[in-house]
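Counting starts at 1 for both ligands and their atoms, in listed order. Sequential numbering from 1 along the given sequence is applied to the chain's residues.
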Amino acid sequence: MGMAWQVTQLLLLSLVTAAGSAQPRSVQARTGLLNVCMDAKYHKAQPGPEDNLYDQCSPWRKNACCTADTSQELHKDTSRLYNFNWEHCGKMEPACKRHFIQDNCLYECSPNLGPWIRQVNQSWRKERILNVPLCKEDCERWWEDCRTSYTCKSNWHKGWNWTSGINECPAGALCRTFESYFPTPAALCEGLWSHSYKVSDYSRGSGRCIQMWFDSAQGNPNEEVARFYAAAMKAGAPSRGIIGS
Ligand SMILES: *[C@@H]1O[C@H](CO)[C@@H](O)[C@H](O)[C@H]1NC(C)=O
Ligand SMILES: *[C@@H]1O[C@H](CO)[C@@H](O)[C@H](O)[C@H]1NC(C)=O
């Protein structure tokens, strides 16, 4: 922590220096990390207001990468968005399911994930998110609320049997509790989607980690977080391993 803080100070110092020399290239590049939508299956090209975002996605109404239709669809079991069935091992507890819905809302709707967007060569999307620093409490609560639900896999991106058109447990993958496939909060939040998230040491409200849950009456706290990491990256920071590790 002490060292990370010192490094952060150094980065901010060099950022100020870089800004002083006013290089148009760095300004342009930084713009590309803030207020952007990733190039994936359902994202809008540009973020903008969406007055009718549904239920758990409503915090993003003022500025979103998802449409109202997407926001509604992603609340359904086995939505037509990805034909992905959360209940592949029987009923998922509602207290657990709400976290998966919120995870979907953040993924589809957030315009604040620019610093973690990476290009991928996948048939269904050109970009993904990698190592988004998820606030530790959001991950811990997700894990707590899901430990008694059931699954058969520890990475939900790959390895399903898609023969029926909907993900089913592959041969030999037994249904067991979440806790048995995900022994720790980090195993869940980082393993589930191939490291889309990295569990942050920072807490909700710190301005240094992305919140999956927030009260939009206080604005969107992830705007500040994206600004912080975008500035640090543009200042020449290693993108992983120091800040927020
Ligand atoms: C993606 O994969 C295809 C087929 O393997 C290849 O032709 C193409 O160059 C790849 N694109 C990138 C950006 O890696
Ligand atoms: C995939 O699921 C289908 C049923 O939908 C089943 O008939 C088939 O044996 C499964 N294949 C494997 C490799 O598990």
Task: Set of residues satisfying ring-ring contact (aromatic ring centres under 6.0 Å, His included) with respect to His75, sequence neighbours excluded - done: Tyr54

TODO: Report yes or no: do Gln119 and Glu127 form a side-chain donor-acceptor pair below 3.5 Å?
DONE: no

- [ ] Count the heavy atoms of every other residue, nucleotide or ligand shown that sit under 6.0 Å from CZ of Phe100, and state whether that count exceeds 12.
- [x] yes

Task: Centroid-centroid distance, Phe84 to Trp156, less than 6.0 Å - done: yes

- [ ] Test Val132 against every option in Asn112, Asn222, Leu113 by the side-chain contact (heavy atoms from CB on, under 4.5 Å) rule and name the one that passes.
- [x] Leu113

Task: Cys152 and Cys175 SG atoms under 2.5 angstrom apart - done: no

TODO: Heavy-atom cut-off of under 4.0 Å around ligand 2: list whichever protein residues fall inside it, by chain and number.
DONE: Asn161, Thr163, Ser164, Glu168, Ala171

